[in-house]
Amino acid sequence: MIEADLDRLFAFAEVAEQASFSRAAEAHGVSQSAMSLKVKQLERELGVRLLERAGRRVRPTAAGRELLVHVAGLKAAHAAAIASVRPHRNGDAGRVVIGTGATACIHFLPGPLGRLRAAMPGLEIIVRTGDTRDIVAAVEANTIDVALVTLPASGRALEVEELMGDEMLAVLPAAERPPAGPIEPAALARLPLILYESRGRTRAIIDDWFAAAGIVAKPVMELSSVETIRELVAAGLGAAILPALALGGDVTGRVAVRPLAPRLERRLGLVMRRDKSLDPALRAAVAAMRDRAEARR
């Protein structure tokens, strides 16, 4: 089987173009003997003579001229192939898939992603939302590049970096004028509770907080949307426990926010595969999220 490599093909084409082994060798930055060896190896592999001497000049044989037509196309394709990946090396193009929960998607990611897009206009950014369990499974399956999730998260193939804390707060209808000061589990449990759906990591943290006081939380509603929960609380339909990250915006004028006693906090972290290659785009995405977390501390 003939397997002429590009280096030998391009060396032959350079000699034919320069009509000289010495000038071709100088152009390639190699010795004349090395250039001659490459052409001889190519001729041996192909089983034909490609170059012949005419006085002090070198010219292609009939077979050589036929080959040169195809080598010109190979050189163009090779240059195009190299050029196609250069933007990825520079971070000007590429694709990053980020997984996170709905709250972080709305209240944390817009700033980092905006700066990332401004720095890398050609970058394709895809955000997928879900609960921690599903997002982490997608990272393990390598269908998500990096995840921002509620901890803990674990996996033998994963690297987990704690990023920041996010205090959990009691949210009550402002119209009911709740007393100032921290709210304990027993007081909150007497109210109609509107909580996250039970399968999520944040809900597990809330349930554990009640359980530490010997209380089983019995919500009247369970929802996946933190925005919906805030609106229902603002409408006077119950009380909730929500992360501080989610408590911006104009709804805060219609709800009262109180700390919990004992204090409750969830931890957010970045999750990637240990063997994940950090190309410039992914490295920039991770750095942008780290910067955003640092700014919140």
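Model, not experiment: these values are computed from the prediction.
- Contact check on Asp134 versus Arg128 returns no salt bridge, with no Lys/Arg side-chain nitrogen under 4.0 Å from an Asp/Glu carboxylate oxygen.
- Each of Val233, Leu169, Ile229 was scored for a side-chain contact (heavy atoms from CB on, under 4.5 Å) with Leu242, with one residue passing: Ile229.
- Counting heavy-atom neighbours within 6.0 Å of Glu184 CD, excluding the residue itself, gives a total of 12 or less.
- Arg201 places a side-chain heavy atom less than 4.5 Å from the side chain of Pro152.
- Criterion: ILVMFWY side-chain heavy atoms under 4.5 Å apart, direct or through other members. Under it, Phe10 and Phe12 are part of a common hydrophobic cluster.
- Here CH2 of Trp209 is found 5.0 Å from CD1 of Ile241. Values are rounded to the nearest 0.5 Å.
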Decide yes or no on side chain to side chain donor-acceptor pair (under 3.5 Å) for Arg49 and Thr61, but give the supporting numbers first. CA-CA 7 Å; Arg49 189 75 176 268; Thr61 63; over 6 Å; no

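- For the pair Leu188/Leu260, a side-chain contact is recorded, criterion being any heavy-atom separation below 4.5 Å from C-beta on.
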Met272 and Asp145: CA distance, side-chain angles, deciding distance, side chain to side chain contact (heavy atoms under 4.5 Å, CB included) verdict: CA-CA 6 Å; Met272 286 188 292; Asp145 296 317; over 6 Å; no

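- Nearest heavy-atom pair, Ile215 versus Pro185, reported as atom, atom and distance to 0.1 Å: CD1-C, 3.7 Å.
- Judged by distance alone, the side chain of Thr143 and the main-chain N or O of Ala138 form a donor-acceptor pair under 3.5 Å.
- Two different hydrophobic clusters hold Leu67 and Leu37 under the rule that ILVMFWY side chains link at heavy-atom gaps under 4.5 Å.
- A distance of 5.0 Å separates CG of Leu113 from CD1 of Ile125, quoted to the nearest 0.5 Å.
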Residue pair Arg292, Leu148: steps toward the side chain to side chain contact (heavy atoms under 4.5 Å, CB included) verdict: CA-CA 12 Å; Arg292 172 74 170 90; Leu148 173 66; over 6 Å; no

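- Here the OG1 atom belonging to Thr202 is positioned 11.0 Å from the CG atom belonging to Asp207, to the nearest 0.5 angstrom.
- Side-chain atoms of Thr132 come within 3.5 Å of backbone atoms of Thr150 as a donor-acceptor pair (strictly under, hydrogens ignored).
- Judged by distance alone, the side chain of Arg95 and the main-chain N or O of Glu124 form no donor-acceptor pair under 3.5 Å.
- The local environment of CD in Glu265 is crowded, with over 12 non-hydrogen atoms from other residues, nucleotides or ligands closer than 6.0 Å.
- When hydrophobic clusters are built by joining Ile, Leu, Val, Met, Phe, Trp and Tyr residues whose side-chain heavy atoms come closer than 4.5 Å, directly or via intermediates, Tyr196 is not grouped with Ile106.
- Smallest separation of non-hydrogen atoms from Met120 and Ala284: CE-CB, 3.5 Å.
- In this structure, Phe108 and Asp166 have side chains that are not in contact, with every pair of non-hydrogen atoms separated by 4.5 Å or more.
- Leu282 and Val139 fall into different hydrophobic clusters, where Ile, Leu, Val, Met, Phe, Trp and Tyr are joined by side-chain heavy atoms under 4.5 Å apart, directly or via other members.
- Between atom CG of residue Leu270 and atom CG of residue Leu151 there is a gap of 9.0 Å, rounded to the nearest 0.5 Å.
- For the pair Val39/Glu43, a side-chain contact is recorded, criterion being any heavy-atom separation below 4.5 Å from C-beta on.
- The main-chain N or O of Ile183 is never found under 3.5 Å from a side-chain atom of Arg258 such that the two would form a donor-acceptor pair.
- Leu268 is not listed as a side-chain neighbour of Thr100, based on a closest heavy-atom distance of 4.5 Å or more.
- Glu45 places no side-chain N or O within donor-acceptor distance of the main-chain N or O of Asp5, the cut-off being under 3.5 Å.
- Smallest separation of non-hydrogen atoms from Val255 and Arg230: CG1-O, 4.0 Å.
- For the pair Arg273 and Asn142, the tightest heavy-atom approach, listed with the atom from each and the gap, is CD-OD1, 3.6 Å.
- Salt bridge Glu231/Arg254: present, at least one basic N to carboxylate O contact under 4.0 Å.
- Between atom CG of residue Leu193 and atom NZ of residue Lys218 there is a gap of 11.5 Å, rounded to the nearest 0.5 Å.
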Glu167 vs Leu247, side chain to side chain contact (heavy atoms under 4.5 Å, CB included): CA-CA, chis, key distance, verdict: CA-CA 11 Å; Glu167 186 177 5; Leu247 293 175; over 6 Å; no

Run the side chain to side chain contact (heavy atoms under 4.5 Å, CB included) check on Val226 and Leu245 step by step: do they pass? CA-CA 10 Å; Val226 65; Leu245 187 63; over 6 Å; no

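- Between Asp131 and Glu197 the shortest side-chain heavy-atom distance does not fall below 4.5 Å.
- Contact annotation: the side chain of Lys276 never approaches that of Val146 to less than 4.5 Å [non-hydrogen atoms, C-beta and beyond].
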Per-pair distances, 0.1 Å, donor-acceptor, side chain in residues 171-180, under 3.5 Å, sequence neighbours excluded:
none

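- Taking every heavy atom of both residues into account, Arg156 and Glu140 meet most closely at N-OE2, 4.4 Å.
- Side-chain contact between Leu109 and Met289 is present, with at least one heavy-atom pair separated by less than 4.5 Å.
- Under a hydrophobic clustering in which Ile, Leu, Val, Met, Phe, Trp and Tyr are joined whenever their side-chain heavy atoms come within less than 4.5 Å, directly or via other members, Val136 and Val96 fall into different clusters.
- We find the OG-CZ distance between Ser224 and Arg203 to be 12.5 Å, quoted to the nearest 0.5 Å.
- The environment of Arg263 atom CZ is dense: over 12 non-hydrogen atoms of other residues, nucleotides or ligands sit within 6.0 angstrom.
- The nearest pair of heavy atoms linking Ser198 to Glu222 is N-OE1, 3.6 Å.
- In this structure, the side-chain contact (heavy atoms from CB on, under 4.5 Å) partners of Pro182, at least two apart in sequence or on a different chain, are Pro259, Ala261.
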